[in-house]
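When a ligand or atom number is given, it counts from 1 through the structure's own listing order. Quick note: residue numbers are just sequence positions, from 1.
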Amino acid sequence: MNILTSEIISTLTNIVNSQEFVPLHTPIFKGNEIKYVTDCIKSNFVSSVGEYTKKFEAQLSEYLGAKRVVLTVNGTSALHVCLMLSGVEANDEVLMPALTFVATANAVAYIGATPHFVDVDDASLGVDSIKLSKYLSAITVIKNGECFNKDTGKRIKAIVPMHTFGHMSDMDAINAVAGEYFIDVIEDAAESLGSLYKGKQSGTLSKLAALSFNGNKIITAGGGGAIVTNDDNLADKAVHITTTAKKPHKWEYHHDMVGYNYRMPAINAALALAQLENLDEFLLKKRALAIRYKEAFAKVAGVKLFMEPEFSQSNYWLNALILDEGNEQLRDEVLEHTNNNLIMTRPVWDLLDTLNMYKDSPKMDLTVSRSLAKRIINIPSSAWVGS
Ligand SMILES: *Cc1c(COP(=O)(O)O)cnc(C)c1O
């Protein structure tokens with residue numbers, strides 16, 4: 001085995017310090033989870049009209065300092081509705097990093113629009129605003145306050161920056177470029193609940209944002225998502241679209257558009273409410289783990305723990321080792337050895353432009369994403385790891 005590979009493995013083994021299987025990320029249920037879920041069952045209202053859906057929405061909007069939160073069945077549906085609310089239509093293009101989870105692109109495809117992939121920078125792992133600005137000036141034309149791709153003739157309606165592993169993208173810079181080109185911004189904040197950008201909560205840095213409460217995220221509802229906005233009108237529309245577009249009425253069934261059954265059931269919201277009560281503690285524990293990893297790997301030449309960009313505070317949802325350029329050939333050796341020896345590790349997602357359904361999507365030069373994709377190794381990151 002390569003000497004660096006064995007150093008990485010022994011450093012990791014020391015920190016996780018376990019004789020048993022160590023997963024990448026698991027939830028912790030140590031608060032009011034059983035109490036609230038039981039209470040929800042006793043109320044009989046386990047579905048989305050139950051009180052816990054309203055309670056969790058109120059608590060979460062207070063936590064975020066956002067005017068409105070609308071809960072959905074998962075993060076993908078939250079993204080889907082955010083795109084609809086920002087006016088994305090079939091045949092539009094939506095910019096997004098190629099380095100993101102497939103759901104970001106799928107939500108765009110549900111509308112019949114096309115994902116258009118952009119590169120990331122290696123300081124944030126998020127959209128590179130400088131490269132984006134140069135690219136848009138080369139390939140777009142503005143007509144009547146709308147941005148069009150000169151190559152495809154299609155309208156570029158929105159951009160979806162994603163905060164990779166909980167590390168914030170440079171939102172001021174991205175918002176500025178998008179504003180110049182009349183492009184709406186929707187944050188994919190599925191991985192970054194609790195992260196701060198210049199002191200502001202992730203999910204509050206654009207007109208609309210999507211969160212996820214899947215089982216592997218920093219807090220979970222079992223499955224769930226949320227739309228976050230300061231715009232009451234958009235929030236009301238989000239409620240309407242996610243409840244089969246039914247006009248409120250005591251007994252009549254009148255629906256005024258093709259709606260969706262996307263609201264989070266109260267039984268899931270009860271679980272998530274209890275989880276939210278412990279989020280600040282999870283954040284502290286995860287930060288402490290990241291610092292332990294960082295210090296340990298500082299002694300291993302050839303690899304680094306990815307740390308929060310200077311303008312932000314990360315939730316350290318998923319820790320990532322990044323091999324130095326030239327060491328990419330070690331990645332698979334590390335993955336194979338750790339996964340065969342009770343320590344779960346993973347590479348990053350396949351870049352979305354390499355997936356069959358998105359291989360013909362428009363894209364810019366993706367040099368940085370391609371290099372990172374070969375060098376990232378996610379390591380165990382649950383709040384309890386090593387303790
Ligand atoms: C988890 C995730 C989603 C989707 O959330 P689900 O709740 O699983 O539908 C979207 N985008 C990113 C970047 C994610 O990590």
Colleague: Enumerate the atoms of ligand 1 whose separation from the nearest heavy atom of G75 is less than 4.0 angstrom.
Modeller: 5 (O), 6 (P), 7 (O), 9 (O)
Colleague: Identify, for atom 15 (O) of ligand 1, the protein heavy atom at the shortest distance, and state residue, atom and that distance.
Modeller: E191 OE2, 2.5 Å
Colleague: Is it the case that N14 and T11 place a side-chain donor and acceptor less than 3.5 Å from each other?
Modeller: no
Colleague: Considering the heavy atoms of M162, write down every atom of ligand 1 situated less than 4.0 Å from one of them.
Modeller: 13 (C)
Colleague: Output yes when the distance from some N or O of ligand 1 to some N or O of W317 is under 3.5 Å, and no in every other case.
Modeller: no
Colleague: Check whether the ring centres of H163 and Y197 lie less than 6.0 Å apart, and answer yes or no.
Modeller: no
Colleague: Checking contacts here: is it the side chain or the backbone of N216 that comes within 4.0 Å of ligand 1, counting heavy atoms only? Could be both or neither.
Modeller: neither
Colleague: Among protein heavy atoms, which sits nearest to atom 1 (C) of ligand 1, and what does the distance come to when rounded to 0.1 Å?
Modeller: K217 NZ, 1.5 Å
Colleague: Going by heavy-atom distance to atom 8 (O) of ligand 1, choose the closest among N214, L211, L79.
Modeller: N214
Colleague: Spell out, as yes or no, whether a donor-acceptor pair under 3.5 Å connects the side chain of H255 to the backbone of T244.
Modeller: yes
Colleague: P309 versus S314: any side-chain heavy-atom pair under 4.5 Å?
Modeller: yes
Colleague: Looking at F165 versus W349, is the centre-to-centre ring distance below 6.0 Å?
Modeller: yes
Colleague: Can you sort out which atoms of ligand 1 are near S212, meaning under 4.0 Å from one of its heavy atoms?
Modeller: 1 (C), 5 (O), 6 (P), 7 (O)
Colleague: Can you sort out which atoms of ligand 1 are near G224, meaning under 4.0 Å from one of its heavy atoms?
Modeller: 7 (O)
Colleague: Taking the six-membered ring of F148 as reference, does the cationic atom of K143 (NZ for Lys, CZ for Arg) lie under 6.0 Å from its centre and within 45° of its axis?
Modeller: yes
Colleague: Which ligand 1 atoms, with their elements, are less than 4.0 angstrom from a heavy-atom of A103?
Modeller: 3 (C), 4 (C), 10 (C)
Colleague: Taking 4.0 angstrom as the limit and counting only heavy atoms of T100, give me the atoms of ligand 1 inside it, by number and element.
Modeller: 13 (C)
Colleague: Is the gap between the ring centers of F56 and F213 under 6.0 Å?
Modeller: yes
Colleague: Which atoms from ligand 1 have a heavy atom of A190 less than 4.0 Å away?
Modeller: 2 (C), 3 (C), 10 (C), 11 (N), 12 (C), 14 (C)
Colleague: Within the side chain of S381, is there an N or O that forms a donor-acceptor pair under 3.5 Å with the backbone of N319?
Modeller: yes
Colleague: Any N/O of D188 closer than 3.5 Å to an N/O of ligand 1?
Modeller: yes
Colleague: Quick one: are the ring centres of Y52 and Y36 less than 6.0 Å apart?
Modeller: yes
Colleague: Relative to the heavy atoms of T76, which atoms of ligand 1 are at a distance of less than 4.0 Å?
Modeller: 4 (C), 5 (O), 6 (P), 9 (O)
